[in-house]
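Input: a single structure, listed below in structure tokens.
Proteins get letters first, then strands, A, B, ... in listed order; numbering begins at 1 in each.
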Amino acid sequence: MSHILTLLVAVPMLGALAILFMPRQNVKLLRNFSVGIMLVEFVVSLALLWDPTTQTRVSYAASGFMFVENYSWVESLGISYKVGIDGISLWLILLTTALTPIALFASWQSIDTKIKEFALAFLLLEVGMLGAFVALDLFLFYVFWELMLVPMYLIIGIWGGKDRVYAAVKFFIYTMVGSVLMLIAILYIVAQYKGVSGHYSFDIVQLTRLSLPRTSQFILFAAFGLAFAIKVPMFPFHTWLPDAHVQAPTGGSVILAAVLLKLGCYGFLRFAMPLFPVAAFESAPTLAVFAVIGIIYGAFCAWRQQDVKKLVAYSSVSHLGFVMLGLFSGTTQGISGAILQMVSHGISTGALFLLVGVIYERRHTRDLDAFGGLAKVMPIYTVLFIIVTMSSIGLPGTNGFIGEFMILSSTFSSPVMPFARSFALFAATGVILAAVYMLHAVLKMFWGPVSKKENEHLPDLTRREAYVLAPLILFVFWIGLFPNTFLKPMEPAVERYVAAYVARHTEASDVATLSPDPAAPPGSGEHAENAPTDGPPEARAARGAQ
Amino acid sequence: MDITLGHYLGLSAIIFGIGAIGFLTRRNILIQLMSIELMLNSVNLTLIAFNRWNPGNHAGQMFAFFVIAVAAAEAAVGLAIVIALYRLKKSVQSDHADSLKH
Amino acid sequence: MSNAGTTIFILFAVIALFAAAFTVTAKSAIRAAVGLLAHIISLAALYLTLHAHLLATLQLIVYAGAVVVLFIFVIMLIGPVSEDKGTDRGLVSRALGAGAMAIVTAAIAFNIWSFAPDAPAITSCPGGANAERWTTNEQGVASVTCGEFGGVRSFGLELYREAGLPFELISILLLVAIIGAIAIGRGRSNEEVEALKARKAARLASPVVAPEPVVETESQPVGGE
Amino acid sequence: MHSDFFSFGFDPGRLLLWIVLLPLFGSIINGLAGKFASRKMVSAVAVGSVALAFGLAIACFVKLTMLRHAAGEEGEHARILYTAYEWFSVSVGNVNVPIFVRFVMDPLSGVMALVITGIGLLIHIYATSYMSEEPAYYRFFCYLNLFMASMLILVLSSNMALMFVGWEGVGLCSYLLIGFWWENPTYAAAGKKAFVVNRIGDFGVLIGMFLLVYATQSFEFDAIRHGAANLSGATELAIGGMAQADHHSINVSMATVACLFLFLGCAGKSAQIPLYVWLPDAMAGPTPVSALIHAATMVTAGVYLIVRLSPVFVMSPVAMSVIAIIGASTALLAATIALVQNQMKKILAYSTVSQLGFMFAAVGVGAFSGGFFHVFTHAFFKACLFLGAGSVMHAVHAHGDADIRELGGMKKFMPRTRMTFLISCLAIAGFPLTSGFFSKDDILLGAAFVGTGAWADYPSWVGWLVLVMLVIAATMTAFYMFRLYFLTFEGDFRGAHGEQHAAAPPAPSHPGVEGAAETHALEASTDAHAVAHDAHGHDAHDDHAHGHDAHGHGGLPHESNGAITWPLMILAFGALAVGFLGLPHWAHLPNIWEHWLEPVSARLPGVETEASAGLGGTMMLIGTLAGLTGIAIAYRWYMMQAGETPAALAARFPRLQAFLMDKWRVDELYARIIIKPAEWLSNFSSEFDKVAVDGGLTKLPAFAAQAGSWAFTRLQNGLVYSYGAVMVAGIVAITFWYLIPHPNLQSAVQGADVKYVAATGYGYEYRWDVDLEPGFETNWDTNTHEMTASFERAARNRGAAVMNGRPGSPPPVIQLRHGELYAFNPRDFATTEWMKPNTDGTPPAMTWQDGKLLIRVNDAEVRQDGLPTTTPTISLAPGESVTIGGRLIRAAGVMRGTVEVRNVFGYVSRESVEVTIENAMPQAAPRGAEAHADLRGGL
């Protein structure tokens, strides 16, 4: 059994521990060490793709989770340290490990106070994000989910802009409200599981076997869904996002947009939808309506923003609407597209925030009206900005197109979601609006004469900034031209997922039931609770009336 | 009429009630402390009465014994606090010590 | 219980009730203290009817001898301030609380009075109606000998055998109470009071809370240049 | 070239890939390294890559013709295919549809590829000279090559998804090239406008594509064309959502909806009503761009797409007539606007819109090959016209655009330009035997043909209407083109530009800034309307002057150099000659063009005959007359007079003139009905976000929390007796809870027995009633907190039926209570017809008697123990089951236990519990216990 996932979680944690013991005066060491640790982490994460011991590519065709590690943690409550990944989480993990060093490296240009704490926060953030992506135990997931919240709160609240405290608190409270409901829902499910199986378990694989009554499913799905919808963020729970983005430092914005939001989508995919298939299936049209509203509404809001960061933040609302639509479409390629769109959005929006950060460094403003004619003074910057803009607009050949196209076309003909065609139709108008607001920004920033004196002698991209952006640009085109590199590994997992999702959508009963464990070998004593004869006495208690 | 456990318990309940009402209505800390003593005493009476009807050991009396000790300690500390409060506020009215609000 | 016992119970019960009522209603604290004294003494008498000889004694020594005296000392120390001043403040909550408490008390007392399990009068030693109750505890082991119930010997033996640890804990509690009472009652020295006043004045003068001096010595220059 | 070249085992498909890749690499090389390379290097890379691509295109084309000939009868399907790799896939329904990066050369894309690379090559050569003074020379060629690559992807792709790459790619290049001189804000805005309008069209293409893919489950053009037959009227399209949502469906054929959406896309790309507004503004780009992108190639992509999907379009006569009418209207509208414009490029731009309208009208009436023929001929003469205009502007140093009132007599200075321009003007006017003559004739004939009712499904009035509009438009075309020609080349030179420039300082360092004032002032005096419209960014014609081709040798205009004139001459030759590829069929002349396109252009369904010679001749005559009339009027007004008649007309109808000058004020209209509302919506959204969403979800809860916190802090008043009162409230609650006993009765089924358990408590006494008879069986006792009752003994008069409502789901339990006949949830049973009605005092259809469930059945299929029975009354003991009408019904028993608990204070509480025992009979095995976990315990 490989310990790669534990290693992934442990490396940044150990790094954080090491940073604790470093002198705060040695800024250079702190900066280099923290980025170095993250690069090491990235290299480690590459082992998810290419197994160095057998010298082969890792295949994700096998059913079930890969690299699973399962250790009992709190035995009496069935809490375990269980981690594992499949094709769905693979690219999100790689996105995280790839973008975190980039974001931190970019941050070191502007962050010059409390360096040690910043590095610490970033490393812990990485622990939280990776942990949440690899956790297969609901409790473990919850721990990482909350762990992620704190460093981000600090990053916004300490190193942020003028209204950072407001933004940080808003971010924290919004996320917390959802998480608390989710915690209650988790405990409820586990209690149900205990009711039918006789023992506690937080293992997602075990809990997925549980089939709950319809009403409970809806309530629980709402609790989970709210937590994730806030994180995504779906309309109308998105208002924390523009505030958080505007106030967060560049690195924080990058991670927030690129990874944190994806955890909301991932949560839907990994937890909310498989645990409550009936509720998910039946609420899919409703949620799709919100997704579509988010797409159009986010775009309209973005158009009017004067602050570039706010504009990008609203564009995230719009883009993540596409992701949610894809998830709810219930089709293989719709969901694959949604996952790819998550990665794409991470890359292009991450790049956009980095680019905005660059100009903010130079001008200390992000007001669209403060720019104009930057193409003359910063040509390379302009070129990169336009490439990323086009990727964000979803121009074919760039990464943004593939996800959007897969989502839209698969949704359009989705056999399982009612009104799918209307959703795709309205969502596709987002394609027009994206061009409107992004080109509006480009027009105001880059074209026209250099109207402001301050802009006349802005330096173009430095080598360092170019290094930071280059890998992102590379992936913009890589995903755009050869998306199958990314789609093929996730395909088996998504296919299984969709099959299970569609098959289970009628599976509601009046009382909680447990389907047989496919993983358990026949006759194994470990899952004796499935034997029909001798369940716990309360399970056989007759129904009480009054 | 035979005096039974019920009579002792009823008496004790009434004394407790009187103490409680006193504690609730009086604003003089000294008298509130005395009301507390009343309540403690009523409990002692209950404990001792129950012990009388289960005389195999002294569990009830022993509890009462400890309660007396605790009551003594409480009175000592309580009165010390009264003096401290008096020094601070020149008053022993409990509603004058309302800094800990809102 | 004999008729004499009944008489004694009724007598002291009535005294205890009236004394208690007087205690909580008395205008002056000193009168309340006297009422408390009367209440304590009548309770001691009731303890005697319940064969709690030692506790009756302790009740007199500790309560009447120490606690009430302590109260009276404090009342004397404080003087006329200790008198209650009539005020309407919190009238509603006081009335509501007292009313609810009265109802509860009445309910409990009524229910207890009406419930009269067969509780035989305990007059005799072994051979009487409840011989087994005298001789055995739940495990069938007698720890109290007939005729010694509530006596010093029997009580003390059981206290030190069975409840040694609580007893020691109580002594610690008393010690702590003594120290605490001294610490609280002692008050501040003049210098301390002056320092307090100065700090308060400073706080009122500037809206920003002046940092505690101890914190200042701890803080270090923040690295980062 | 010998056939050997094509037969030596080399995959010609790979050449297709290289046709696309060469310009792409050219673009990348110039983009990355052009800044550091000399102009020669840059132009070598750019022109070289296009020339190579042209060569490869010719090679492939030749190979294609050979394949076609070699295949003989099956030659229709000859094509060259090359699959590069699988791109990605999408789900269509439950099917995974892969999308390939796959190129195809068939007759249609072959011609397009030749036109693009051929004319593209000429324009590249032209641009090396025309743009030679441009500081961002490399950037220009980078974009231009990128455009070539995108356009080639568009035409060579074998599937719609890949075509969409090119489709959007050319949009991007158009955006970049229109805004090439981005320092002028109006140019940049024009670029943005072009992109956004194109995006609206792209939306249509996307949806149209989804519809087609939804219907045919493939992105490949071939599959869609083959599946097109299924798209006709039979298919209902549920607009609302899934197909089964009948009440949402509108009875429109899939083909119509798909075609209209696709046409929206084509209208965007090919500048048709209502999306044509971007094209005139697009003239802000450099002239070679106007020629290549906005005249010859990109804008014809819409026609290309329709021809490519012609089998789909012919399925929907409705969509076809819409296209025809819109095309003809566009042709007419743009022609009227072009009548009065004074800027060379502006006239040409509207002329392009108008000619595109001709093409759409053509495909709209089903003349696919004719429409596409016009694409082909138009590419030559319009490219030639634009380049000629560029040459003139170059000569007079009128940068950006030139006012024809300032020109005149250019034939003296630039004879070669003038000759080519004249030829092209004749071609566009449809002068006999020029290329435009043949192609326009084809279009008119097509319109007349469907007008005669040859295509039964098609409304014939559309044909006539289109014909009339097109003839008028053709007359106007001839008029304004010759107006342009006469004013520019004939007469005497009226311009003062040359002198002005001679006096002006050489090549300003900031193009677009200096020099703007002088020309603008000039324009303001001549064209008062232009100023008013600058705010909308669409009228970007003349307030600029670029130093990019200020040669510094002023004086009189002069002929351009060879790099400019040679392409002109080649194009003019094409404009003259290519018409002979499409000689009229009705005259029994060989129509090579139509024959060549036969495999790709769909035949109109149900149309067998061809247009007769009489109709053809008439149309040819009408077309010729229209052209000649236009030319004659122009000659009379501008050659014989000095423009007095038009001036008089303008003076007589000033408002009409202003209206036409203002381009029908469509931009203003759009600004009012689309842009303003959209902006308002966006402002509203952004405010709504702040006020309603943020207010409702952030500020309101925050306020509520504060208010709640305020209210609770009021409780913290610091007064001991207040706290005491709260404590007393708790004491009250607890006291009364303990004064009353709480049985908390639980039950459990143990085999055939039911065990009841009541809570224990100090001094509790119990008595029980568990036998369903009135009265308690046991007396007060302190020890009986548990009681067991036997089912067999107790369940006599009460029962329940357990019904298996839906297959697969656990059965809902329906309890029959005393006096109740049956209790059904209508959701579980579609009908209860199988039960006897309960009328006239008959026993109920379902009842419980003597411990058995009695069911009286109407004529329903009844199966007991798997065997059909005919007994009208079925009697079921608890645990037994029967299947009635496919529904499983099982009898079950109900037990009731009641306990009274008394505490020491004498208070008594009573609690009952009812238990349904589904399988209480000893012979019945217990069913899955987990299925019926105690609800109370579970929830």
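Looking only at heavy-atom pairs under 4.5 Å with chain D, the residue among A/Gly373, A/Gly397, A/Gly334, A/Ala375 that has the most is A/Ala375. Your options are D/Glu679, D/Glu86, D/Arg199, and the one with the most heavy-atom pairs under 4.5 Å with chain A is D/Arg199. Interface check for chain A: of the options D/Phe195, D/Trp167, D/Tyr85, the most heavy-atom pairs under 4.5 Å are formed by D/Tyr85. Chain D forms the most heavy-atom pairs under 4.5 Å with one residue out of A/Ile386, A/Thr331, A/Val431, A/Asp243, and that residue is A/Val431. Between chain D and the residues A/Thr411, A/Leu439, A/Val442, the most heavy-atom pairs under 4.5 angstrom are made by A/Leu439. Of the listed residues (D/Pro701, D/Ser685, D/Gly201, D/Ala692), the greatest number of heavy-atom pairs within a distance under 4.5 Å of chain A belongs to D/Ser685.
Contact between D/Ser89 and A/Glu491 at its shortest, heavy atoms only, is OG-OE2, 4.0 Å. D/Lys192 approaches A/Val436 most closely through the heavy-atom pair CE-O, 4.1 Å. Heavy atoms only, all atoms of each residue included: D/Asn94 and A/Pro415 are closest at OD1-CG, 3.1 Å. A/Ala428 and D/Ile207 make their closest contact through CB-CD1, 3.8 Å (heavy atoms, listed as atom of the first residue, atom of the second, distance). D/Val92 and A/Ser413 get closest at one heavy-atom pair: CA-OG, 3.2 Å. Between A/Thr332 and D/Ser91 the shortest heavy-atom distance is N-OG, 3.5 Å.
In this structure the side chain of D/Leu681 never reaches within 4.5 angstrom of the side chain of A/Trp303, judged on heavy atoms. Contact annotation: the side chain of D/Phe684 never approaches that of A/Phe300 to less than 4.5 Å [non-hydrogen atoms, C-beta and beyond]. Residues A/Trp240 and D/Thr698 have side chains not in contact (no heavy-atom distance under 4.5 Å, counting atoms from C-beta outward). At least one side-chain heavy atom of D/Val693 sits less than 4.5 Å from a side-chain heavy atom of A/Tyr297. Contact annotation: the side chain of D/Phe261 approaches that of A/Leu425 to within less than 4.5 Å [non-hydrogen atoms, C-beta and beyond]. By the 4.5 Å heavy-atom criterion applied to side chains, A/Phe412 and D/Val213 are not counted as neighbours. At a threshold of 4.5 Å between non-hydrogen side-chain atoms, the residues D/Glu168 and A/Phe401 do not count as touching. Residues A/Ile402 and D/Trp87 meet the side-chain proximity criterion, which asks for heavy atoms closer than 4.5 Å.
For A/Leu408, the parts lying under 4.5 angstrom from a heavy atom of chain D are both the backbone and the side chain. The parts of D/Leu697 that come within reach of chain A are both its backbone and its side chain, each placing non-hydrogen atoms under 4.5 angstrom from that chain. Proximity to chain D (any heavy atom under 4.5 Å) is shown, for A/Leu481, by both the backbone and the side chain. In this structure, no portion of D/Ala702 lies under 4.5 Å from any heavy atom of chain A. Only the side chain of A/Leu487 comes within contact range of chain D, judged by heavy atoms closer than 4.5 Å. Contact of A/Phe486 with chain D is not made at all, since no heavy-atom distance falls under 4.5 Å. Residue A/Ile173 does not touch chain D at all, counting heavy-atom pairs closer than 4.5 Å. Looking at A/Val383, there are no atoms closer than 4.5 Å to chain D (heavy atoms on both sides), in backbone or side chain. Looking at D/Glu687, neither its backbone nor its side chain comes within 4.5 Å of chain A, counting heavy atoms on both sides.
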Tell me, with the steps shown, if D/Leu206 and A/Glu404 meet side chain to side chain contact (heavy atoms under 4.5 Å, CB included).
-> CA-CA 11 Å; D/Leu206 265 186; A/Glu404 263 178 33; over 6 Å; no
Full working for salt bridge (charged side-chain N to carboxylate O under 4.0 Å, His left out) between D/Asp689 and A/Arg304 | CA-CA 11 Å; D/Asp689 206 52; A/Arg304 273 307 102 175; over 6 Å; no
Before giving the answer on side chain to side chain contact (heavy atoms under 4.5 Å, CB included), spell out for D/Ile99 and A/Phe405 the whole-Å C-alpha distance, their side-chain angles and the decisive distance to 0.1 Å.
-> CA-CA 11 Å; D/Ile99 297 170; A/Phe405 191 86; 3.8 Å; yes
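Among residue pairs with one or both ends in residues 424-450 of chain A, those qualifying as side-chain hydrogen bond (donor to acceptor under 3.5 Å, both in side chains) are A/Asp369-A/Lys444, A/Trp447-D/Tyr175; sequence neighbours excluded.
Formation of a donor-acceptor pair under 3.5 Å by the D/Trp182 side chain with backbone atoms of A/Leu443 is not found in this model.
Here the CD1 atom belonging to A/Ile432 is positioned 11.0 Å from the CG atom belonging to D/Asn198, to the nearest 0.5 angstrom. Summarising the geometry, atom OG belonging to A/Ser409 is positioned 4.5 Å from atom CZ belonging to D/Phe219; distances are rounded to the nearest 0.5 Å. Within the model, atoms CD1 of A/Ile479 and CZ of D/Phe88 stand 12.5 Å from one another, a figure rounded to the nearest 0.5 Å. Note that OG1 of A/Thr398 and CG of D/Leu172 are 9.5 Å apart. Values are rounded to the nearest 0.5 Å.
Within 6.0 Å of atom CZ in A/Phe426, 12 or fewer heavy atoms from other residues, nucleotides or ligands are found, so the atom counts as exposed in its surroundings.
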